[in-house]
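Since this is a predicted model, take the numbers as computed values, not measurements. The chains referred to below are lettered A, B, ... by the order of the sequence lines, with proteins before strands, and numbering in each begins at 1.
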Amino acid sequence: MSSDTRFDPSSADARWQNAWEEAQTFRADSDSPKPKSYVLEMFPYPSGRIHIGHVRNYTMGDVLARYKKATGHEVLHPMGWDAFGMPAENAAMEKGVHPGGWTRDNIEHMKAQLKRLGFALDWSRELATCEPDYYGHEQALFIALYEAGLVYRKESEVNWDPVDMTVLANEQVIDGKGWRSGAEVEKRKLNQWFLKITDFAEELLEGLGSLENWPDKVRLMQENWIGKSKGLEFSFDLSPTGLPANRATKIPETLPVYTTRPDTIFGASFVAVAADHPVAQAIDSDEAREFIALCKRGGTTAAELETAEKLGFDIGITAKHPFTGADLPVYIANFVLMDYGTGAIMAVPGHDQRDFEFATKYGLPIPRVVAPGVEEAGKPFDGEAEAGEGVIVNSDFLDGMSVEDAKREIIRRIEEQGRGTGKTVWRLRDWGVSRQRYWGTPIPFIHCDACGVVPAPKDSLPITLPEDVDFQTPGNPLVRHETWKQVDCPKCGGKAERETDTLDTFVDSSWYFLRFASQPDDRPFDAEEVAKWLPVEQYIGGIEHAILHLLYARFWTRALAHIGQIEVKEPFASLFTQGMVTHETYSRKEGGKTVYYAPDEISREAERALLKDDGGEVEIGRVIKMSKSKKNVVDPDTIVDSYGADAVRWFMLSDSPPERDLPWSEAGIEGCSRFVHRLWRLFSAYDAGAQGDDKALDRKTHQTVAAVADDIEALGFNKAVARIYELTGAVEKASPSASRSAAIRTLVQLVAPMMPHLAEEAWAGMGMEGLVADAPWPDVDPALLVEDEVTIAVQHKGKLRDTLTAPKGAAKEDLEAMALASEKLQRSIHGAEIRKVIVVPDRLVNIVT
RNA sequence: GCGGGUGUGGCGGAAUGGUAGACGCCGGGGACUUAAAAUCCCCUGAGCUUUGCUCGUGUGGGUUCGAGUCCCACCACCCGCACCA
């Protein structure tokens, strides 16, 4: 190879991308006898442009996929598009384009961007969720779940934007106003479709235990979200003691409450119901209605809840304590939630902070029923409730019991009385999947006045979205589309109407990994093919999906297993959540306003940053997540243009551990680019005919191969990168030899998963056969992994005094003698008496005086 | 409030209880060049009375021959959930 040619990514990148495509290098063959490996990154929403965060995500997956291929696996590494969603409709409203056209243009553009980065993807399996050949199968699955009783309709309260005429997700309501229209959001009751995820609450919780290769953080978040709590549901008998007779009629005789602390029942000093509880609603008084309205007005932001005062309204009835017979006052309280438990509580101020604050405010008794020990039954409270462990006191037959024993005893007695039962309550709610939106999967149901809700016949699928829609009128265009809407009832043949709601886009992403595994025309997937590839061996994506997407996908997989369509129960064997790409910000005060500048408008010096336009100094702000508003974004296309795909990929893997944030910097990418060219110079100096051994270099090479393999398998890309730098330095310094030539060949292979274009170019230049992408991972000779000489630390009382070189495996006595011969050590000991000698073979000698 | 995480040079970060700071970036010095770019070499935690010594991994304790690593308490920052009975 000639050493004066420079590596030119602008021609080499495309050349090798074409070579892989022609050779179908990354096409997954499900009939291959090799062990299967399914590597998947969370598929993108086609917003228009690839973001640098995508590049980091896909680069990690790509390194793993290429490594898996090199180590003898048949790899499935697909890519697709999570293509339904609101931005397409917003674009339609703002720019007058069709959501479909907008989305498909974006996909085309982003696909070209991804191809420029040289990802080892099987594009033959590409899918987009907005195409009928995807969502039609989703409709079939939805009907199958309906037939299995896992889909139902229920009237439920939604956030309604009266201007945009649509339902808003909670995240889209900002300070009580619609995020787009700014209109005051109304609560409306609408018939909505639900998936019975709560049927799987126990399974989804227990399944977390088997997901050993998921981050603990994600498992905990899901655990908390599912929110299992064990307790007791029981009823109080109500009497309208303090209520005028004419108001008492609507009050029920009993009031069910739920508690997780039945052991503290003797400490109950009042009962409280939520503002929208039927008992509260039944009170026929202006004051009560006023109070209820006040409760509803309360904000739900963190800050408001933190400072919100506990407020109550005594409704003048009493609840009879099931054991003491005492009459407890019943309040409407602003801190009781209707949608958890029964919407009513027994309040134990001594052992619940909220109840404590309430009781303090309204002068209610605060009895102690749990104490550190029996002799402390009279201990006063120190300004707050004590929620911890202890022994039960002041509680009749429970006195002296542990909290756990007392819980069991109360549940037993309440059940014996027929007054209630031990119960498990979940925080998890059923999944509402209705969206009053156009750009989503049409829910395949038909409303018939005579027959009710009827599933669309299977042979009518896919039910496709009509193309002739307009977005200039607010609201869901499907509702206004009379010809699309009108349909004959499949049951009675009479006039009927299609459902106009579409499915939440999280449904689309709940099974796409199954469709990647096999794509038959006549059904969503082939169970046998799914069994070959699933579960996904490594799933990589952002932490922001820790709960919703990852929980929904787990649920959907279990639901499909439940109805016998697949065997696999957990879709993702290993999960990795990568950090964000961050960048410092550049800003300057201009006329009292902070103006941000993009990195390419700035020339960055060591200590300061100047605006290119006028040479003025701008303030360098914190390193934060890239966002358009702070202008601290870099565009993947631009940097690939400047540095080539390999330098960008290398940067994505260098320095920061993959789970942490990666600060983007101009200096950093330039360093990576320098390294690409440095490697190229080294590869260009390859001499296939060089003679002679270099044992030390052989060792370094083999050690590096083994270490890089371990690092990649553990996704420790930053460490693999550091080792490759080390080996590069060692090879550069070595004199020509057969060993050095072998080391260069090996180095090409080690960088191939990370810098595939450079590696192919070098591989071809060295006259190697085939593509490096098809080459097996270099063999490691275990004998070369161990050094024959080691450096021994010589310590005095644990402090380093000297180091010495000894043969590997030297005897303890020899090491001790060598250490004691050290002049530096002797100077430190200074004639003191040696009390102890610790020798760790091959590591150190520590002299204790 | 509850749950979880993180804290190491100027910066990103290495380090099975065993030589702290690998590797990269920034910075400094030098070589090559008419010059620049590119490249190469050397230095680069702090301090000191500099053959060497002392200090040093958020703070304070502890265990150990030996602690960035293990234990206890605290501080700061980040993330998730949140009036969930």
State the pairing partner of [N]; accept Watson-Crick or G-U wobble contacts with both distances under 3.5 Å, and report none otherwise.
{"N": "rG18(B)", "value": "rC65(B)"}
{"N": "rC74(B)", "value": "rG58(B)"}
{"N": "rG3(B)", "value": "rC79(B)"}
{"N": "rC26(B)", "value": "none"}

Rounding to an integer number of angstrom, what distance separates [N] and [M] when you compare their [atom1] atoms?
{"N": "rC25(B)", "M": "rG9(B)", "atom1": "C1'", "value": "13 Å"}
{"N": "rC65(B)", "M": "rG17(B)", "atom1": "C1'", "value": "12 Å"}
{"N": "rC42(B)", "M": "rC71(B)", "atom1": "C1'", "value": "45 Å"}
{"N": "rC55(B)", "M": "rG3(B)", "atom1": "C1'", "value": "39 Å"}

Any base atoms under 4.0 Å from [X], or only sugar-phosphate, or nothing? Heavy atoms, all strands.
{"X": "Ser665(A)", "answer": "nothing"}
{"X": "Val336(A)", "answer": "base"}
{"X": "Leu220(A)", "answer": "sugar-phosphate"}
{"X": "Arg835(A)", "answer": "nothing"}
{"X": "Arg801(A)", "answer": "sugar-phosphate"}
{"X": "Tyr725(A)", "answer": "sugar-phosphate"}

Just compare [options] and give me whichever is closest to any side-chain atom of [X].
{"X": "Arg427(A)", "options": "rA20(B), rA85(B), rC81(B)", "answer": "rC81(B)"}
{"X": "Tyr340(A)", "options": "rA85(B), rC25(B), rC79(B)", "answer": "rA85(B)"}
{"X": "Ser229(A)", "options": "rG3(B), rC26(B), rA85(B)", "answer": "rA85(B)"}
{"X": "Thr260(A)", "options": "rU39(B), rC23(B), rA85(B)", "answer": "rA85(B)"}

Pick the closest RNA chain B nucleotide for Arg678(A) and for Arg827(A) by heavy atoms, then say which residue is nearer the 5' end.
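Whichever sits nearer the 5' end wins; that is Arg678(A).
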Between Trp225(A) and Tyr258(A), which is nearer to the 5' end of RNA chain B once each is assigned its nearest nucleotide?
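The residue mapped nearer the 5' terminus is Trp225(A).
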Measure centre to centre between the rings of Phe270(A) and Phe358(A), then say whether the value is under 6.0 Å.
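Ring centres of Phe358(A) and Phe270(A) closer than 6.0 Å.
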Could you grab the distance from atom CD1 of Ile847(A) to atom CD1 of Ile829(A), nearest 0.5 Å is fine?
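Between Ile847(A) CD1 and Ile829(A) CD1, I get 5.5 Å after rounding to 0.5 Å.
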Which atoms of nucleotides 12-17 of chain B (N or O only) lie under 3.5 Å from a protein N or O atom, and what are those distances?
unit_1, atom_1, unit_2, atom_2, d
rG12(B), O2', Ser656(A), OG, 2.8
rG12(B), N2, Asp655(A), OD1, 3.0
rA14(B), OP1, Asn718(A), ND2, 3.3
rA15(B), OP1, Lys719(A), NZ, 3.1
rU16(B), O4, Arg843(A), NH1, 2.9

To the nearest angstrom, how far is [X] atom [atom1] from [N] atom [atom2]?
{"X": "Glu223(A)", "N": "rC2(B)", "atom1": "CD", "atom2": "C1'", "answer": "13 Å"}
{"X": "His677(A)", "N": "rA38(B)", "atom1": "NE2", "atom2": "P", "answer": "12 Å"}
{"X": "Leu337(A)", "N": "rA82(B)", "atom1": "CG", "atom2": "P", "answer": "11 Å"}
{"X": "Trp650(A)", "N": "rG24(B)", "atom1": "CH2", "atom2": "P", "answer": "11 Å"}

I'd like a list of close polar pairs between nucleotides 60-66 of chain B and the protein, N/O only, cut-off under 3.5 Å.
unit_1, atom_1, unit_2, atom_2, d
rC65(B), O2, Asn846(A), ND2, 2.5

When you measure from the side chain of [X] to the backbone of [Y], do you find a donor-acceptor pair of N or O atoms at a distance under 3.5 Å?
{"X": "Ser665(A)", "Y": "Gly668(A)", "value": "yes"}
{"X": "Arg419(A)", "Y": "Phe234(A)", "value": "no"}
{"X": "Gln353(A)", "Y": "Ala385(A)", "value": "yes"}
{"X": "Asp661(A)", "Y": "Val581(A)", "value": "no"}

Testing Val676(A), Asp646(A), Ile724(A) one by one against Val751(A) for a side-chain contact (heavy atoms from CB on, under 4.5 Å), which residue passes?
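Testing each of Val676(A), Asp646(A), Ile724(A) against Val751(A), the sole residue satisfying side-chain contact (heavy atoms from CB on, under 4.5 Å) is Ile724(A).
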How far apart are the C-alpha atoms of Asp352(A) and Arg261(A), what are their side-chain angles, what is the distance that settles it, and do they pass the salt bridge (charged side-chain N to carboxylate O under 4.0 Å, His left out) test?
CA-CA 10 Å; Asp352(A) 181 287; Arg261(A) 293 295 304 272; over 6 Å; no
Quick check: closest heavy atoms across Ala359(A) and Ile366(A), and the distance to 0.1 Å?
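Shortest heavy-atom separation between Ala359(A) and Ile366(A) comes out as CB-CG1, 4.0 Å.
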Are any of the side-chain nitrogens in Glu357(A) or Lys310(A) under 4.0 Å away from the carboxylate oxygens of its partner?
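Counted as a salt bridge, because a side-chain N and a carboxylate O are separated by less than 4.0 Å.
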Tyr340(A) six-ring centre to Arg427(A) NZ/CZ under 6.0 Å and within 45° of normal
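Not satisfied by the 6.0 Å and 45° rule.
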Syn or anti for rG30(B), please, going by whether the chi angle lies within 90° of 0.
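Anti.
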